[in-house]
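Note: hydrogens, waters and symmetry copies are ignored here, and every other heavy atom, side chains too, is used. Numbering of residues begins at 1 and proceeds along the displayed sequence.
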Amino acid sequence: MDNETRTPDTQTETPDETPKEKRTLRDYLGDIYELLEMLGVVSATIMIMFAFVFRLNIVDGHSMDVTLAHGEYLGVSDLFYEPTPGDIVIVHKINADPYDNPIVKRVIATEGQTVDIDFSTWTLRVDGEVIDEPYRYLSDDVLLTSDWTFPVTVGENEIFVMGDNRNHSADSRTEEIGMIDERCVIGKAYVRIFPMNKFEVFENPRND
C-alpha cells in the first residue's frame, strides 16, 4: 500500500473570547456617582417646575363636591393663565374673613359678563345664555341663594366664581367673598394628582 502523505492542517483554531475585565470598587463607585448625579438633576428639575410652573394645592372642604373631594391634591399653575369660564381655579382673597385661605372654585364669568341665576330652578345664565352645568351638585338638605340681587355684572379685572356644590359653597354669591380680583387667582387646577386611583387631567366643560 502506498504511503499517504498527510497534509498538515493549517486551519487556525479560533481562540477563546477574551474574558471580561473584573470590575473594581472604583468602577462601582463611579456607577453610584453617576446615579446620584442623575437623581440630583431630576430633583432640581422637579423643584424648579414646582417653584415656577406647577404647585400643589390641597382641597379643603366640600364646596366642590362631587367634582373634587376634601383632601385631594391638585396640580396648579398660573403660567400664561387668564381666567376662563368653566375653569377650576384656586383663589386667595386675604380680606375675605373667615374665607381668607386659598379656596377652590369654578369660574362662572369674567370681566364685563352679566350673571343671572334663577334659584327656583337653578338655571344659570351668562349674558342671557343658559349655561349647561353637568358638574353642578345640589343637595336637598339646604338651599343657599345669594346676598346679592341678580342679575349682576362682573367688574373690570374681576371674576365671578361658585363652588360646584351649590348649596354648600361660600363664593361670589356671598358678601364676604363677592367678586374676585384677578390678582387673587393663584392659578388654574390642571390635574388631580392624588389619590392616584382618581388621577385626572381636567377639561373645561364649557369648551365641549
Flag for T174-D147: side-chain donor and acceptor within less than 3.5 Å
no
Step-by-step ring-ring contact (aromatic ring centres under 6.0 Å, His included) determination, H70 to H62
CA-CA 6 Å; H70 175 73; H62 298 276; 5.7 Å; yes
Which is it for V191 and F199 under the side chain to side chain contact (heavy atoms under 4.5 Å, CB included) test, yes or no, and what are the steps along the way?
CA-CA 7 Å; V191 60; F199 181 89; 3.6 Å; yes
Sorted by chain and number, sequence neighbours left out, side chain to side chain donor-acceptor pair (under 3.5 Å) with Y73 holds for none
N204 (side chain) donor-acceptor with P85 (main chain) under 3.5 angstrom
yes
Measure the shortest side-chain to side-chain distance between S77 and R55 over non-hydrogen atoms and say whether it is less than 4.5 angstrom.
no
With a 3.5 Å distance limit and no angle check, can you tell me whether N167 reaches the backbone of V142 through a side-chain donor-acceptor pair?
yes
Are D171 and K105 ion-paired here, with the side-chain N under 4.0 Å from a carboxylate O?
no
So V201 and Y190, do their side chains get closer than 4.5 Å, heavy atoms only?
no
Are there more than 12 heavy atoms of other residues, nucleotides or ligands under 6.0 Å from atom CG of D116?
yes
Taking the basic N atoms (NZ, or NE/NH1/NH2) and the acidic carboxylate oxygens, is any pair closer than 4.0 Å for E158 and R183?
no
Minimum side-chain heavy-atom gap T114-V152 below 4.5 Å
no
Side chains of S172 and I108, heavy atoms from C-beta outward: is any pair under 4.5 Å?
no
Geometric cation-pi criterion, R106 with Y135: 6.0 Å, 45°
yes
Under 3.5 Å, is there a donor-acceptor pair between the side chain of Q113 and the main chain of T110?
yes
Flag the pair F202 / L74 as yes when at least one side-chain heavy-atom distance between them is below 4.5 Å, and no otherwise.
yes
Are I88 and M64 close enough that some pair of their side-chain heavy atoms sits under 4.5 Å apart?
yes
Just wondering, do I159 and V185 contact through their side chains at under 4.5 Å, heavy atoms?
yes
For a 4.5 angstrom cut-off between non-hydrogen side-chain atoms, does E72 reach F194?
no
Using a 6.0 Å cut-off, check whether atom CD1 of I94 has over 12 heavy atoms from anything other than its own residue.
no
Would N165 and S63 satisfy side-chain hydrogen bond (donor to acceptor under 3.5 Å, both in side chains), going step by step from the backbone distance to the final call?
CA-CA 5 Å; N165 186 3; S63 70; over 6 Å; no
